[in-house]
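By convention in this document, chain letters (A, B, ...) are assigned in the order of the sequence lines, proteins followed by strands, and residues within each chain are numbered from 1.
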Amino acid sequence: RKEVEQDPGPFNVPEGATVAFNCTYSNSASQSFFWYRQDCRKEPKLLMSVYSSGNEDGRFTAQLNRASQYISLLIRDSKLSDSATYLCVVGWGSARQLTFGSGTQLTVLP
Amino acid sequence: EAGVTQSPTHLIKTRGQQATLRCSPISGHTSVYWYQQALGLGLQFLLWYDEGEERNRGNFPPRFSGRQFPNYSSELNVNALELEDSALYLCASSLAGMSNQPQHFGDGTRLSIL
């Protein structure tokens, strides 16, 4: 079993749609959670950290369920510029090592 | 404020050669991380340096090594290059502290082995 598993996608949605990505992690001792986005052949860029209480940043909402070891990302009112691969990232402990999911590809269509 | 910078942008080598990749972290960041991303695959953790010391390494052979300098910049060295080493090598940096500090990535070095 992979340490971080994501919906493989690809997700193809029209502009203005709402889309949700899911991610599960296997290490119950995980302490930090992030969503990154990666454009084709570019470096990953931090989209948002994920907090236990859930958090929102504009059109983006992240949720964490520690009991189910599940993280989600909701994108409302999708824009063409949201097209990218979204990476679920989990970290733990003093090793401070982040484990990246394999990513979910999103294409927003005009 | 400058982000993480990596050099060179592209590097072409042949099998058996050695490659050196360089990374400068964001000012104030003391931790540097190296990742390998082969074409179509996810990021694989290589190495973590903090305060000049190697703190952790991923599941890679010893021919992957590196170091961190007193100014917190870092080098990744890959010896005896093999064809499967062709990949995008990404460097990231973060503030010191616990794992809730996000990592910020450079543009990467694309290493091609002929």
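- B:Trp48 and B:Leu76 are assigned to two separate hydrophobic clusters, defined by single-linkage of ILVMFWY side chains at heavy-atom distances under 4.5 Å.
- With values rounded to the nearest 0.5 angstrom, B:Leu43 atom CG is found 5.5 Å from B:Leu90 atom CG.
- Near-neighbour residues of residues 16-23 of chain B relative to chain A, defined by a heavy atom under 4.5 Å from a heavy atom of that chain, are none.
- B:Ser31 and B:Tyr49 are not linked by any side-chain donor-acceptor pair at a separation below 3.5 angstrom, with hydrogens and angles left out of the test.
- Side chains of B:Tyr35 and B:Gln103: a donor-acceptor N/O pair is present below 3.5 angstrom, by distance only.
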Candidate pair A:Tyr25 and A:Gln6, rule side-chain hydrogen bond (donor to acceptor under 3.5 Å, both in side chains), full reasoning: CA-CA 9 Å; A:Tyr25 59 95; A:Gln6 295 185 241; over 6 Å; no
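- When the heavy atoms of residues 104-114 of chain B are compared with those of chain A, the residues falling under 4.5 Å are B:His104, B:Phe105, B:Gly106, B:Asp107, B:Arg110, listed by number.
- The hydrophobic clustering, which links ILVMFWY residues whose side-chain heavy atoms are closer than 4.5 Å, places A:Val50 and A:Leu47 together.
- Side-chain atoms of B:Gln68 and B:Glu51 include no donor-acceptor pair closer than 3.5 Å.
- Looking only at side-chain heavy atoms (C-beta outward), B:Gln36 and B:Phe45 stay at 4.5 Å or farther from each other.
- A:Thr104 and A:Asp7 share no side-chain donor-acceptor pair at under 3.5 Å.
- Ring-plane geometry between A:Phe21 and A:Trp35 is classed as tilted, the angle between the planes lying from 30 to 60 degrees on a 0 to 90 degree scale.
- Proximity to chain A (any heavy atom under 4.5 Å) is shown, for B:Gln44, by neither the backbone nor the side chain.
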